[in-house]
Each structure stands twice: as C-alpha cells, then as structure tokens.
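Report on one structure; see the data block that follows.
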Amino acid sequence: SDLRAPGHRRRRQGEEALSSGRHTARERALQALYQIDLSSVDPAEALAAAIAADEDAVDAKTQAFAKALVDGVVAHLADLEAILTTTSLN
C-alpha cells in the first residue's frame, strides 16, 4: 500500500540528486555567510573554505549555485540588514 500524501509523486533519481545538490549548496552558502558576518572575510574566500570542508560532496553545479546565493546576499546586504533591523525584536 502507498502511504504517501495525495498528490505526492516519487522523485526520479535525477531529481533527488538535484535536490541534494541544492541542499548542499544552501548549506555551504550559509556557512560562508556566517563566516563573512563573523570575520568580514572575503566572500569568495569564505565560500572556498566552506566547500573545502567536504569537497567530495560539492560538484561544479553545486558550487555555482552556492556562489550565486552568497553573491546575491552580499549584493543586497544593506537591504537585508534594514529589513532585519525593522522587524526583529532583539
């Protein structure tokens, strides 16, 4: 019997790999952004360090997505800081 929710469909192998790669990219980008925030290190250097921590898990496509995420946050940092400042309690 199939206990999955209605409308759920099985992921094909390629879709799961793509999802896993994007998840890994998000993790590496978050690690890099945390490092940038803590030590004001260069974004490219922070991302390289995050990727080097588990280089085997990060292919070129995953690296490119992680870089796009980091670059996007860095490019909009002032706007993001303003939003967080006005909406956060602490």
Side-chain angles (χ1 to χ4, degrees):
S1 82
D2 192 347
L3 300 176
R4 289 176 288 183
H8 180 273
R9 64 181 180 87
R10 281 187 198 202
R11 289 185 184 204
R12 287 176 247 164
Q13 225 172 0
E15 289 176 340
E16 195 164 309
L18 177 62
S19 176
S20 175
R22 292 175 69 85
H23 177 81
T24 300
R26 288 184 189 102
E27 285 181 335
R28 297 307 180 269
L30 187 58
Q31 290 168 353
L33 291 166
Y34 184 72
Q35 185 65 33
I36 292 164
D37 187 48
L38 283 182
S39 62
S40 300
V41 68
D42 176 70
E45 187 179 323
L47 184 57
I51 288 170
D54 189 12
E55 206 166 344
D56 294 338
V58 185
D59 61 15
K61 196 171 189 177
T62 301
Q63 287 183 30
F65 184 55
K67 182 180 182 325
L69 292 171
V70 170
D71 290 347
V73 170
V74 170
H76 295 95
L77 197 54
D79 296 332
L80 293 167
E81 288 286 345
I83 292 168
L84 290 172
T85 300
T86 60
T87 58
S88 66
L89 298 176
N90 293 318

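- The hydrophobic cluster containing Val58 also contains Val70, counting ILVMFWY residues as joined when their side-chain heavy atoms lie under 4.5 angstrom apart, directly or transitively.
- In this structure a side-chain-to-backbone donor-acceptor pair under 3.5 Å is missing from Ser39 to Ile36.
- The OG1 atom of Thr62 sits 10.5 Å away from atom CZ of Arg26, with the distance rounded to the nearest 0.5 Å.
- Grouping Ile, Leu, Val, Met, Phe, Trp and Tyr residues whose side-chain heavy atoms lie under 4.5 Å apart, directly or via other members, leaves Leu89 alone, with no other cluster members.
- Residues Leu47 and Leu80 are members of one and the same hydrophobic cluster, defined by side-chain heavy-atom contacts under 4.5 angstrom among Ile, Leu, Val, Met, Phe, Trp and Tyr.
- Within the model, atoms NZ of Lys67 and CD of Gln63 stand 11.0 Å from one another, a figure rounded to the nearest 0.5 Å.
- Val74 and Ile51 fall within the same hydrophobic cluster, defined by Ile, Leu, Val, Met, Phe, Trp and Tyr side-chain heavy atoms under 4.5 Å apart, directly or through other members.
- We find the CZ-NE2 distance between Arg28 and His23 to be 8.5 Å, quoted to the nearest 0.5 Å.
- Linking ILVMFWY residues whenever their side-chain heavy atoms come closer than 4.5 Å, directly or via other members, leaves Ile83 and Leu77 in distinct clusters.
- Placement of Tyr34 and Leu69 in two distinct hydrophobic clusters is found when ILVMFWY residues are connected by side-chain heavy-atom separations under 4.5 Å, directly or transitively.
- For Ala66 against Ala29, the heavy-atom pair with the smallest separation is O-CB, 3.9 Å.
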